[in-house]
Each structure stands twice: as structure tokens, then as C-alpha cells.
Protein chains: 2
Amino acid sequence: MAIGRSPSVKDVAASAGVSLGTVSNVMNRPEVVSPATRERVERAMAELGFVRNESARQLRAGTSRTLAYVMLEGSNPFFHDVAAGIEMAAEDSDLSLFICNSNGRSGREEVHLDRLMQQRVQGILITPVDPGARHLADIARRGIPVVIVDRVGESGAFCSVAVDDVLGGRIAVEHLVEQGHSRVAVIGGPESIGQVRERLEGARQVWAELGMKPDDLTYLPTAEMTVAEGRSAGERLAGLPARRRPTAAFCANDLLALGLLQQAIGAGLRIPEELAIVGFDDIEFAAAAAVPLTSVRQPRQELGRAAAGLVLDEATNPAHEHQQLTFVPELVARASTVARPRAY
Amino acid sequence: MAIGRSPSVKDVAASAGVSLGTVSNVMNRPEVVSPATRERVERAMAELGFVRNESARQLRAGTSRTLAYVMLEGSNPFFHDVAAGIEMAAEDSDLSLFICNSNGRSGREEVHLDRLMQQRVQGILITPVDPGARHLADIARRGIPVVIVDRVGESGAFCSVAVDDVLGGRIAVEHLVEQGHSRVAVIGGPESIGQVRERLEGARQVWAELGMKPDDLTYLPTAEMTVAEGRSAGERLAGLPARRRPTAAFCANDLLALGLLQQAIGAGLRIPEELAIVGFDDIEFAAAAAVPLTSVRQPRQELGRAAAGLVLDEATNPAHEHQQLTFVPELVARASTVARPRAY
DNA sequence: TTGTAAGCGTTATCAT
DNA sequence: ATGATAACGCTTACAA
């Protein structure tokens, strides 16, 4: 039943009684071939079960029909939403999307990048472990379009798409202060993650500008941005002396916030009365939490879409100029900070 | 700065003053080339920034170094966990993994499948919209290894890896009955989804076997397996007259359960005292919920790993026989069904 | 409108 | 140990 090897244009040509070139024309410029022969060729293709060999096409064409996205953390739905946005854009341009996951490890990232180069992908979208990494610059120098997603490239050597993380941190903490909190925890880490640094930075900035006491902003570092670390931060929070204990927390992403929320509810705290919580990203699960989570929303799919637009521009437009797109994050207030939420 | 085209083996050969074949040997059988020339070639490669062209390699080799997974719903973390398992196995065999998402639409699925064939992937893993679909059988008939994941192929025409969904439904409902519930809701849909049918089937079976009254098992159909539909099912549940209202619910997946949980807590119900909830899949967010969710665990990564093993066997072992691997699901009891959970 | 032939970058076979 | 050469399946001039 199984065939030795799959039929090639040559086989189709033989079967249809035409030449190689004609078969190719049927596929690539059907208008130049007469309806009669075209139909004959198409029938032959169907009969033989011909499937075009993309490698051969690509070898000849010199260009592939694929984009790639190297995500930072497969376990964070945020990145999958970004990927979904990219995929839509890719689909619109009739491109395939290759998705890789570095899992925060620079080594894996490099391995993936290497393979993608071998595959001659049209462009690479990446949320890098380190935007300053040598291997990233190397790729860009080769002329392969690279776009940094969710992070601003430091050198301006590539395009980037991100939200203003500093602003995000600001509006989160500003919101908490508006709600009457005067002792706030900021939770996140490690600080080697740029997004974390900037979100914390924004939080500190606005805290100072609003004239709050520096000591009343407590930083609780975490080793990762996970639910488990959020729970652990909650325990540390609970361990603080009541007088100094923050009445609100700003978490650098939603996974941390979800973990904190779980720990707090488990400990019997009323949310938001005894502890208010703001997350970051606004993933689906934020709104789906038992106490819906206030979060700083990133336009996740939009981010991906815009990034895809930039790679494609770089890939096809000779006049392309690198640009850093910045989206404005938006606070989505829910029950975890306000008893009667403005949004749900 | 940017180079016209990237250097080929030919360029490397010229630069190193050796022949084409020698360069190829350095890459593929380094042991046959003398250390001196090998080093010379390697230096030339580094200087020129040579990157092997995978299309050409593949065209020549006739086979690609990629596996593909077509997932059913990108918005459900369950599938990403399966994908992670596949990826690990792929990595072990030095293969790349191409991830696609059909989003439950048969049309998208077919488009992806088509592209994957053109790419000549080594094998396809898929959680299909419809395991009986024509296009799936067509691919298998072409001799491309296809493995059905999280669903049993109907015809035995391909390998499959799944958990016993009927059993899963059984242990979920058995657990609820053990906890003393005599009115239970089963929530899920649409019934066109095989997993749903079987989980419900198991629920009904065990309900009857335990001698419970048929009318006390209420089926609440949903249009999708999402958090939003879970919430909506919760509202319908709340609308039932108190006498007939179930005191426990078995949801066909965790997203539904999470939605139901949210709705119930929002409505002021105490969990599990006033409503006990069991989900299915045991995704990370089940354990992370405010009230940790009891769930029927699927060995998500294991599923992926095993499936990858089967495709690889089919791809490489001439004596390969199709097989249907079935894992045994396991109940993970948490606070959403037991006041003092056995596990956390 | 259709056929012929060259070439994309690699690998493998056969000489040397 | 190294070099020359054919072949993989396709696209695209160019010729007929």
C-alpha cells in the first residue's frame, strides 16, 4: 500500500504527457497554461497524490515561507497569546509559524536560533533571555530580520515591540495608592529580567512622586515568575509584623499574582479588604480567578501582530528602518483591588 | 554590511583551498579528514559565517529533521503541556518540533496538515478535531507516520496515545458519591467532541452501577470547553430549584471547572460545602485556583513523550505495528471536593 | 502555449 | 585523505 517515494513533478509530467516546466507552471502561473492541459495536469496530480516538495522549492527560490517565534516561557499563557497574534499575521501573508520555547535558558535559545538559521526562516521574532546577547546581534548582522517582542532592544540594532513597562508599574501602584493603600509590596524577580526591573522601577518612581514614605514600599524578590513563587511571597508577606505589613501588593506578572491570591485566600484573608492585589499581563486566567484579578493589561495578540508586521517589512521592504514600537499598558480594575470593580 | 547571499560549501571550499566533498566530510564524517585540513576548513567556516542550508540537506537526504504537533486548542494549557512532552522527546532525538494549532476548526487543521506534508516532516502528532476525518487517513496512507494524541483513533489505522476517558469519568463521579453527594451535575460539550462523550459516559455508567437515581444526575451541556462556558453553566445550575439542585459537579475539563468555581464563589457559595467541583486534565491552574481544584489527572507530558516515541518508531522501525497506548487517569483530590484534601 | 536545460546547496559514490 | 561528479525536486529563463 505504501509507496516507495512520493511522486515528483517529473512523475506528474510523465503521467499527464506534458513537460516538467508545464507542471511547474500549473502550480505557479496557471494563467499561462491552456485550460485543457491544466486540467489534465491537475488530474494527474490528484491521481498520483502529488505533494510539492517544499525543500526543493525553497532551495531554488532561496527563500522560505516561514516565520519563527522563540518564546521565553512556555508555561506562561501570555506568550502563547503573543504567538497567536503572530500566527494570525503570518496566516494573512500565507506564511507558516515555527514556535520554539527557550524556557528562559540562554543555551536552548541559541540552539533554536541556530536551527532556525539553517532553516532559512524569513524572519525571527523573539522574547529573548537577554536582548543584548551576542548571538542575537550575530543573526541580525547576517541580514536576517529579527524583532524583539515584549522587550526593547538595547542597541537599536533591531526592531522591537513592547509595552511601556515603567508606565505599567506606575499605573499599577498609582491605582493602589488611589485605593487608599499606604503600605505596598512589590513582588517579582529575578532582577536579571528586564521587564521585571522596569516594572519595579515604575512602581518606585510613582511611589516617590506621590510623596509616599520610601520604607512603606516593600520589595519581595522572587526566583522565578511562577504561581509557586507567588505563594511563597505570600507567606513571606504574612510573616511580616502587622504594623509594617503591606495592605496591597503589585506583582510583576499574573502568575505571581495568582499564587499570592491563592495563598492569601487560603490563609483566610479577605480580598481586597485585607489584601489588595494587582498583577501584570492580564492573561485569561487573571479574569477567571475566584476573585477576579486586577491587572495591567498588555495587548497580547496585538503585540504579536505588530511584531510580525515589522519582520515582514524588514524582510521585504528595502527602505526598512528599524523602529521601536511601544504600546501603552492599561489598568483593568477587578475585584482583587476594588470591592465594586469598574470592569469585569 | 549585509551580504548578498549566505556562503555555501562551495565558498568555504574555495576559501579553505579544498574541495567541496572535503567540506561536507568535515561536517558529516569528521573522522575521515586529517586534523590539519579539518582545522583549516573549520576556520574558513567561522570566518565566512557559514550556516548549513537545511533545505538542500533535506532535499538530498529525502527526509527532514522535524516532527509536528497539531494541537486542538491553543487556549487550553493542557495541550501546551502535551507539546512540551513531545518537544523533550524530539530534542532527545535531535529533531525540531513544529507546533500548529487548529483551534478546533477542521479547515485550519487541513491547511496545517497540508503544509506539513509539503515540508516532508518525519511524523505528525495530532489531537484531531475528528479522528475519523478523511484527510487524516489520507496522510497515513501516504506512509507518513501519524499518531493521534489524547484520543483513540477509531479505525486502528494509526497509533494513538490517550488516557481512558471513560474511566476518568467514572473515578470523578465515584469520588463525588463517596463524598456523600447524591445529586450531581455533569458539565461539558459539545458532544461532538469524543473526549466529552466518553467522560460523560463514564460518569453515567458509574452512577448507575452505584445504584443512584438516574434523575439525580443532571447533564448541563456547553457549547465550548471554556472558562466562560463554565461560568454560564454555573448560572444555569443556580437557576435550578433547590430541591433538585446538584450539590456537586463534574466538569469535562478544568477550564469549565475554573469558570464554574469562579461563578459559584462570586455567588457566595462555600466550596465544597455547598458545591463540590471536579475538573479534568489537572492543568497547572487547577492546583493554583483560590480553592484548589480536584481534578482527574492526565499525565500530560508523558502523553506527549509516549506519542513522540510511537511516531519515531513508525518512522524508523520497519517492523512497526500500530498500537493504542492507554494511560490510567488518576484522581487528585483537593479542596474543591474535600474540606481536608488528601493531596494538595 | 509548451519544452529544454541550467542551477539552487548538499551529500554520497567513486576515483585518485 | 582528498577531489570530481551526479543526484535530490523544483523554478525559471529561454528556445521552439
Side-chain angles (χ1 to χ4, degrees), chain A residues 3-42 44-45 48-66 114-115 117-122 142, chain B residues 3-42 44-45 48-66 114-115 117-122 142:
Chain A
I3 302 93
R5 60 160 187 62
S6 75
S8 70
V9 277
K10 201 147 105 188
D11 301 318
V12 174
S15 163
V18 298
S19 82
L20 239 168
T22 302
V23 177
S24 178
N25 280 336
V26 170
M27 294 192 286
N28 303 304
R29 312 131 75 180
E31 66 283 0
V32 314
V33 30
S34 83
T37 47
R38 182 180 352 161
E39 211 216 320
R40 203 144 37 90
V41 169
E42 272 160 356
M45 283 178 164
L48 269 52
F50 170 79
V51 176
R52 167 215 245 114
N53 183 323
E54 176 63 20
S55 299
R57 205 216 108 261
Q58 179 178 325
L59 175 57
R60 176 64 226 224
T63 165
S64 82
R65 301 295 297 164
T66 14
D114 228 64
R115 256 208 250 271
M117 297 194 58
Q118 299 187 185
Q119 236 118 246
R120 299 293 194 272
V121 293
Q122 282 223 355
R142 279 213 161 71
Chain B
I3 303 92
R5 62 162 184 64
S6 76
S8 71
V9 275
K10 200 148 106 189
D11 301 317
V12 173
S15 162
V18 298
S19 81
L20 257 182
T22 302
V23 176
S24 177
N25 281 336
V26 169
M27 296 192 284
N28 303 306
R29 310 133 71 179
E31 67 282 1
V32 313
V33 30
S34 82
T37 47
R38 182 181 353 161
E39 212 216 320
R40 200 142 41 89
V41 170
E42 271 161 357
M45 282 177 164
L48 269 53
F50 170 79
V51 176
R52 168 215 243 113
N53 184 324
E54 175 64 20
S55 298
R57 208 214 108 262
Q58 178 176 328
L59 174 58
R60 175 64 224 222
T63 164
S64 81
R65 300 295 297 165
T66 6
D114 229 65
R115 257 207 249 270
M117 298 193 58
Q118 298 187 185
Q119 238 119 245
R120 297 294 192 274
V121 292
Q122 283 223 356
R142 280 212 162 71

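Not measured: the values here are computed from a predicted model. So that the names make sense, note that chain A is the first sequence line, chain B the second, and so on, each numbered from 1. In what follows, every heavy atom counts, from backbone to side chain, and hydrogens, waters and symmetry copies are set aside.
- When rounded to the nearest whole Å, the span between NZ of B:Lys10 and P of D:dG3 equals 16 Å.
- Closest to the side chain of B:Ala56, out of D:dG3, D:dG9, C:dG9, is C:dG9.
- Contact annotation: A:Thr37 does not reach the phosphate of C:dT1 (side-chain N/O to OP1 or OP2, under 4.0 Å).
- Closest contact between the side chain of B:Leu59 and the listed nucleotides D:dC10, C:dG9, C:dT11 involves C:dG9.
- When all heavy atoms are compared, the tightest approach of B:Gln119 to B:Gln58 is O-NE2, 3.0 Å.
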Margin query: side-chain contact (heavy atoms from CB on, under 4.5 Å) for A:Ser6 and B:Arg120? Distances and angles first, verdict last.
Written below: CA-CA 10 Å; A:Ser6 75; B:Arg120 297 294 192 274; 3.1 Å; yes

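- B:Arg60 contributes no side-chain N or O that forms a donor-acceptor pair with the base of C:dT10 under 3.5 Å.
- Across all strands, B:Val9 comes closer than 4.0 Å to base atoms (heavy-atom distances).
- Atom CZ in A:Arg52 sits about 17 Å away from atom C1' in D:dC8, given to the nearest Å.
- Between the base of C:dT10 and the side chain of B:Arg57 there is no donor-acceptor pair shorter than 3.5 Å.
- A residue-by-residue look at B:Val32 and A:Val51 shows that B:Val32 has its nearest nucleotide of DNA chain D further toward the 5' end.
- Here the closest heavy-atom approach between residue B:Pro7 and residue B:Gly49 is recorded as CG-O, 3.9 Å.
- Considering only side-chain atoms of A:Ser34, the nucleotide from C:dT1, D:dG9, C:dT11 that sits closest is C:dT1.
- Rounded to a whole Å, the CZ atom of A:Arg29 is 7 Å from the P atom of D:dA13.
- Residue B:Thr22 has its side chain nearest to D:dG3 when only D:dC10, D:dG3, D:dT12 are considered.
- Among the protein residues, A:Gly21 comes within range of the nucleic acid bases, having at least one heavy atom under 4.0 Å from a base atom.
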Next item on the list: Carefully, step by step, assess B:Arg115 and A:Thr66 under the rule side-chain contact (heavy atoms from CB on, under 4.5 Å).
Entry: CA-CA 11 Å; B:Arg115 257 207 249 270; A:Thr66 14; over 6 Å; no

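- Atom CD of A:Glu39 is separated from atom P of C:dT1 by 17 Å (rounded to the nearest Å).
- Nucleic acid contact for A:Val23: none, since no nucleic acid atom lies under 4.0 Å from a heavy atom of the residue.
- Comparing D:dT11, D:dG9, C:dT11 by their closest approach to the side chain of B:Asn28 singles out C:dT11.
- Of the inter-residue distances, the one linking B:Arg57 atom CZ with B:Asn28 atom CG reads 8.0 Å to the nearest 0.5 angstrom.
- Atom pair A:Met27:CE and D:dC10:C1' shows a separation of 7 Å (rounding to whole Å applied).
- Each of B:Ser55 and B:Asn25 lies near DNA chain C, and the nucleotide nearest B:Ser55 is the one positioned closer to the 5' end.
- A:Arg40 CZ to A:Met45 CE: the interatomic distance, rounded to the nearest 0.5 Å, is 13.0 Å.
- Counting non-hydrogen atoms under 4.0 angstrom, B:Ser24 reaches a base of the nucleic acid.
- A:Arg5 has its CZ atom 8 Å from the P atom of D:dC8, to the nearest Å.
- Here the P atom of nucleotide D:dC8 and the CG atom of A:Asp11 are 11 Å apart, to the nearest Å.
- Rounding to whole angstrom units, CZ of residue B:Arg38 and P of D:dA1 are separated by 10 Å.
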